[in-house]
J.: 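Structure in structure tokens, see below.
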Amino acid sequence: MSLANPKHKLQLSTTQMIALGFLLAVIGGSLLLMLPVSSADGTYTPFVDALFTSTTSVCVTGLVVVNTFEHWSLFGQIVILFLIQCGGLGIITFTTSLMLLLRRKVTLKGRILLQDAFNLDSLTGLVRFTRKVLIGTFTIEFIGAFLYSFTFIPDFGLAKGIWISVFTSISAFCNAGIDLIGPSSLAGYATNVNVNLTTMFLITMGGLGFIVWFDILKNIRAIRNKEMPRNAFFNRLCLHTKIVLTVSISLIIIGAVIVFALEYNNPATIGNMSVPHKILASFFQSVTTRTAGFFTFSQKGMRDATTLFCLILMFIGGSPVGTAGGVKTTTFALIIIAAMSAVKGSEYGTAYGRRIPNRTMRKALAVVLVSLCFLFTSIIILSTYTGGDLLDIMFESTSAIATVGLTRDYTATLDLSGKIIIIICMYAGRLGPMTLPIVFSSRKSKYGLAMFPREDITVG
């Protein structure tokens with residue numbers, strides 16, 4: 001039988017194609033970063049360090065084993081920025097974008113991949129949706145670079161200031177957390193209002209998700225065209241947008257209040273700042289912990305209670321169909337809704353007067369359980385092979401899996417086995433929130449319509 005027979009070609013699922021796309025991007029980036037032209041001193045970079053940097057860039061994590069601002073040449077920094085943009089948009093989206101720029105037709109298979117990558121219900125308007133994502137992304141990144149330039153050009157000069165502004169803007173929007181400023185991230189700008197607010201704006205916009213953007217813009221346009229009254233704005237938003245906005249705003253405010261309260265008198269973090277600057281730093285920490293990776297004060301210096309709370313924020317992450325990681329705000333909300341419905345004895349979960357399908361809540365539960373299992377496994381393996389303080393290991397593992405990029409100065413201590421473990425965590429963490437919903441949506445029961453006898457069990 002001929003191997004060339006198309007019936008016997010290897011057929012990859014959507015999940016496998018997304019995973020393969022990210023893997024190829026990571027490997028390609030690693031090979032480029034290994035080259036002498038990529039390093040500032042013109043020497044070869046060890047493969048593991050290049051692989052670690054490529055993975056943290058494609059997976060928009062932000063953990064680094066070499067200083068980005070001094071180890072890499074301009075060429076190396078451009079490669080890293082390209083990988084960040086590629087990883088932030090998603091491999092499928094980025095590839096489709098290139099096809100659109102080259103005026104190539106997007107095939108039905110490509111549209112199906114886009115549908116799964118964006119986790120959307122319909123194939124209708126996917127190419128138009130992708131164009132809107134690109135326009136929105138580049139517009140927000142341009143605004144961020146423009147705002148940064150007012151600070152970075154005076155500090156670093158015209159050419160370098162523009163480059164740092166562009167790099168930081170793309171990194172912040174893609175929730176990567178990699179910068180060219182120095183080993184202390186944005187700590188030198190902890191009291192700079194422009195840098196803090198611009199960074200929080202970019203992180204939040206990337207983390208809200210593209211679906212939320214377009215839903216809000218649609219309603220704003222309707223109000224402008226006098227198609228609906230202003231007071232109907234929130235009610236006309238889709239349920240997804242309402243939940244994302246509610247959870248995101250709540251987590252930012254609650255996170256800032258808790259960080260402010262717990263770290264108020266801590267000289268290792270915000271204790272020596274004025275009250276307005278403490279508030280600014282607390283809000284920044286609350287925002288960046290949800291998968292961004294920048295920091296304005298030492299993460300190692302935080303009190304244990306603050307660190308544990310930040311673990312929760314990192315695990316939740318941002319929102320679907322955006323640049324953030326974590327299990328996502330909507331997943332967290334669905335778990336809360338499911339618990340509340342169980343307490344009330346309700347058959348269904350409800351939010352804002354809408355009934356949520358049980359299959360959606362089961363999917364959220366599955367995503368959380370799988371993510372927790374992977375997280376605890378990585379913590380156990382990392383503590384076994386590398387050692388160190390357990391809280392540091394928990395923070396590092398959560399940061400890698402949730403693609404946050406914050407560290408309690410633990411990344412620099414990693415040996416070869418530790419780097420490999422974190423690389424796997426970053427790769428799996430980036431793929432997980434994208435592919436798990438696809439997997440759980442495409443699974444069909446092998447029993448079809450068969451019904452088993454019903455029997456209850458005791459809970460609690």
J.: Centroid-to-centroid, Y352 to F234, below 6.0 Å?
T.: yes

J.: From I243 CD1 over to F332 CZ, what is the distance, rounded to the nearest 0.5 angstrom?
T.: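 The CD1 atom of I243 sits 12.0 Å away from the CZ atom of F332.
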
J.: Between Y148 and Y189, does the ring centroid distance fall short of 6.0 Å?
T.: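 No, ring centres 6.0 Å or more apart.
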
J.: Taking the cut-offs as 6.0 angstrom to the six-membered ring centre and 45 degrees off its axis, would you call K278 and F260 a cation-pi pair?
T.: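 Geometry flag: not set, cation outside 6.0 Å or 45°.
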
J.: Starting at CG of N266, measure out to OG1 of T306 and round the result to the nearest 0.5 Å.
T.: 7.5 Å

J.: So, E396 versus T411: side-chain donor-acceptor pair below 3.5 Å or not?
T.: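 Short answer, yes.
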
J.: Can you tell me how far the CD1 atom of I254 sits from the CD1 atom of I249, to the nearest 0.5 Å?
T.: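 Going from the CD1 atom of I254 to the CD1 atom of I249 covers 11.5 Å.
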
J.: Minimum heavy-atom separation for Q77 and F69, please, with both atom names.
T.: NE2-O, 4.1 Å

J.: If I take atom OG1 from residue T307 and atom CE from residue M314, how far apart are they, to the nearest 0.5 angstrom?
T.: 8.5 Å

J.: Should the ring pair W213 and F210 be called parallel, tilted or perpendicular, given that the plane angle runs from 0 to 90° and is split at 30 and 60?
T.: perpendicular

J.: Using only heavy-atom distances, determine whether the side chains of E141 and S169 contain a donor-acceptor pair under 3.5 Å.
T.: no

J.: Counting N and O atoms only, with roles assigned by atom type, does the side chain of T407 sit under 3.5 Å from a partner on the main chain of Y410, one being a donor and the other an acceptor?
T.: yes

J.: Rounded to the nearest 0.5 Å, what separates atom CG in L406 from atom CZ in R290?
T.: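 Answer rounded to 0.5 Å: 13.0 Å.
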
J.: Could you check T61, T291, I84, T288 and say which one makes a side chain to side chain contact (heavy atoms under 4.5 Å, CB included) with N175?
T.: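 That would be T291; it is the only one of T61, T291, I84, T288 passing the side chain to side chain contact (heavy atoms under 4.5 Å, CB included) with N175.
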
J.: With rounding to the nearest 0.5 Å, note down the distance linking CD1 in I253 to OG in S282.
T.: 13.5 Å

J.: Counting only N and O atoms by type, is there a donor-acceptor contact under 3.5 Å from the side chain of S298 to the main-chain atoms of K300?
T.: yes

J.: Regarding E263 and Q285, do their side chains bring together a donor and an acceptor under 3.5 Å, going by distance alone?
T.: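 No - no donor-acceptor pair under 3.5 Å links their side chains.
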
J.: Checking side-chain polar atoms at under 3.5 Å, does T151 have a donor or acceptor matched by the opposite partner on N194?
T.: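 Yes, a side-chain donor-acceptor pair sits under 3.5 Å.
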
